[in-house]
Amino acid sequence: MIKLERLSKIFPEAERPAVEELSLEVDQGDICVFVGPSGCGKTTVLKMINRLIEPTAGNIFIEEENIAGTDPVLLRRKIGYVIQQIGLFPHRTVFENIALVPRLLHWSHQAIEERVQVLLNLIGLDPQEVYYKYPGQLSGGEMQRIGVARALAADPPIMLMDEPFGAVDPIIRHHLQEEFLRIQQEMKKTIIFVTHDINEAVKMGDRIAIMNQGRLVQYGEPADILARPGSRFVAEILGDDRTMKLLELVRVETLMTPLDKCSEKQSGGFQDAELQAGRESVQNGYSWLETQKPLKAALEIMMRNNLDQVAVCREDNVVGILGWKDITSYISNLERGGRL
Amino acid sequence: MLNNSHRIVEYSLNHLTLVLTVTGIALALWIPTGLLISRYERFSGLTMALGNLLFCIPSLSLFGIFMTVPHLGLGRRSAVLALVLYAMMPLVRNVYRGIKSVDRHVVEAGRGMGMSNLEILWQIQLPLAWPIIFAGIRVTVVLVTGIATIATYIGERNLGRLIQHGITRSNAEMIIAGAILVSILALLLDYLLGRVERRLISPGTTQVGVRKGQEESF
Ligand SMILES: Nc1ncnc2c1ncn2[C@@H]1O[C@H](COP(=O)(O)OP(=O)(O)OP(=O)(O)O)[C@@H](O)[C@H]1O
Ligand SMILES: [Mg+2]
């Protein structure tokens, strides 16, 4: 757990604080994404967490321990850091770059070799191909991935990632995001992730922290923020398609009516027998999708087949029904509940 | 003739040992100085101004001044001291410039990953500054080899003596022979340093090395 407590940073001779009275908590195993316009203080917050920058006021706690009292060098070896500018060592090979922290920690040579192999595979680079290359011989996307691998090398429980996928094209970026989320499922690291890109924030974040001019303006789960932006500024950051983003985020299982609660009328389109017959019959006669799919996918199916409801399946069984109305009323309720 | 060539060998060896002594002392003194001022920035202006000032004193007068100082006097000690002072400017400046030229984001990445100041210096700053530092070392060696000829006026028996005698005897051949020998010595030392440099500098920091590495990996 990481806890920031009324954290402020005023750089010497700066007109306004780079970070002002910022408080938040990140739970163990969560990804907290900082978003905000350039210069709003995202990087400054990260650097205060690994003590590259000392706060002017406020405290930071990691696992209940105030980091102000720790040795910065030892602290940093326990925190993976992906710097915004990548910052690979140009005079070291890919292997040596990734091996950096394990070497600092005096791992055995064999353990380091194995770890580097694992990491290269994890980030989707062929060890044969890149092992002895120098950073100058890699593409921007490859360098960025090596930067992430380097930060993961000693398996730190906490990661600070400053625009880790900033320098790659949208397709590779999408791929890296997917890959990273996949490995995070196993790693369960506590991650603070900085980005400019609200889509990336919505996708990666268990929580999103929106910053403006050094202040935290909203903090919460992506769906909550999308549904209820607290200010015009946040709404603008979210973009004018925030409802669509929400539809991409919310899973059908959260809105569906479970089968056992379906009234006769609700399941009107689906005859009982057919429902019980499970997926196959639904597949033939009606449209269905899996519980994990986003609402957007359900809408897509309904629109394409001119339906007003779809069946929701888990494995081979129908477990619920989701209607067009469920979605629209969910959205309009959110809008009414929201402050904008 | 035999006597002459015997003397030339003696002069050359004397010249070489003077240059090596000066280079050794200068490196031991000025590289740490350069490193220190790159760390303690506020001393950098003054230190480099001092280096420039020393560099601007005409060499003959600097040798002359030290000659009059008790304990230094005529001979090697004065020569070494003066030449070490000359070496200050190119060495300190290049070390400082080299360290400052290192991409600060690379340094920050290292620090952020838990490298200590010493580890950052040894593992990042020095290796990346090497090309510039080495250029400074090579310039210094060539420079010292040249200026060392002047030390002949305060009693050094080196290749400068050929030139000096050539001048006093209006013997152009002697002057030219001296000048050529000094140049050869300088070029030889520079060549050897070039070989060392190629071993010390990571292929990742030079374009040529990068291309070479790329070929190898296919
Ligand atoms: N070392 C420093 N000295 C003085 N001012 C600084 C320093 N670092 C950052 N700042 C200032 O603090 C503010 C916040 O900077 P920061 O780098 O945290 O922004 P950011 O949100 O990461 O921006 P970006 O998205 O462009 O990376 C900016 O106004 C910046 O100019
Ligand atoms: Mg930044």
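Quick caveat: nothing in here was measured; it's all calculated off a predicted structure. Numbers restart at 1 for each chain; the letters A, B, ... are given by sequence-line order, proteins then strands.
To the nearest 0.5 angstrom, A:K3 atom NZ is 12.0 Å from A:D27 atom CG. Atom CD1 of A:I158 is separated from atom CG of A:N50 by 10.5 Å, given to the nearest 0.5 angstrom. To the nearest 0.5 Å, the span separating CG on A:D155 from CG on A:L105 amounts to 11.5 Å. Distance check, rounded to the nearest 0.5 Å: CZ of B:R161 to NE2 of B:H15 gives 12.5 Å. A distance of 5.0 Å separates CD1 of A:I31 from CE of A:M204, quoted to the nearest 0.5 Å. With values rounded to the nearest 0.5 angstrom, A:M48 atom CE is found 7.0 Å from A:I53 atom CD1.
Annotation: side chain of A:F89 is not in contact with side chain of B:L128 (no heavy-atom distance under 4.5 Å). A:E179 has its side chain out of reach of A:I123: every pair of non-hydrogen atoms, C-beta onward, lies at least 4.5 Å apart.
Of all heavy-atom pairs spanning B:N14 and B:R76, the tightest one is O-NH2, 3.0 Å. Annotation for A:P164 and A:V194: closest pair CD-O, 3.9 Å, computed over non-hydrogen atoms. The heavy-atom pair separating A:P55 from A:K9 by the smallest distance is CA-CD, 4.3 Å.
Side chain to side chain, A:H109 and A:E113 meet the donor-acceptor criterion of an N or O pair below 3.5 Å.
Ring geometry for A:F180 versus A:F165: interplanar angle over 60°, hence perpendicular rather than tilted (30 to 60°).
For residues 31-41 of chain B, heavy-atom neighbours of chain A at less than 4.5 Å comprise no residues at all. Contacts of residues 82-112 of chain B with chain A at a heavy-atom distance below 4.5 Å involve B:H105, B:V106, B:E108, B:A109, B:G110, B:R111, B:G112, listed in sequence order. Interface residues of residues 59-78 of chain A toward chain B, defined by a heavy-atom distance below 4.5 Å and sorted by number: A:V73, A:R76, A:R77.
Proximity to chain B (any heavy atom under 4.5 Å) is shown, for A:Y132, by neither the backbone nor the side chain. Contacts between A:L160 and chain B at a heavy-atom distance below 4.5 Å are absent for every atom of the residue.
Applying the side-chain contact (heavy atoms from CB on, under 4.5 Å) test to B:S183 and every residue at least two apart in sequence or in another chain returns nothing.
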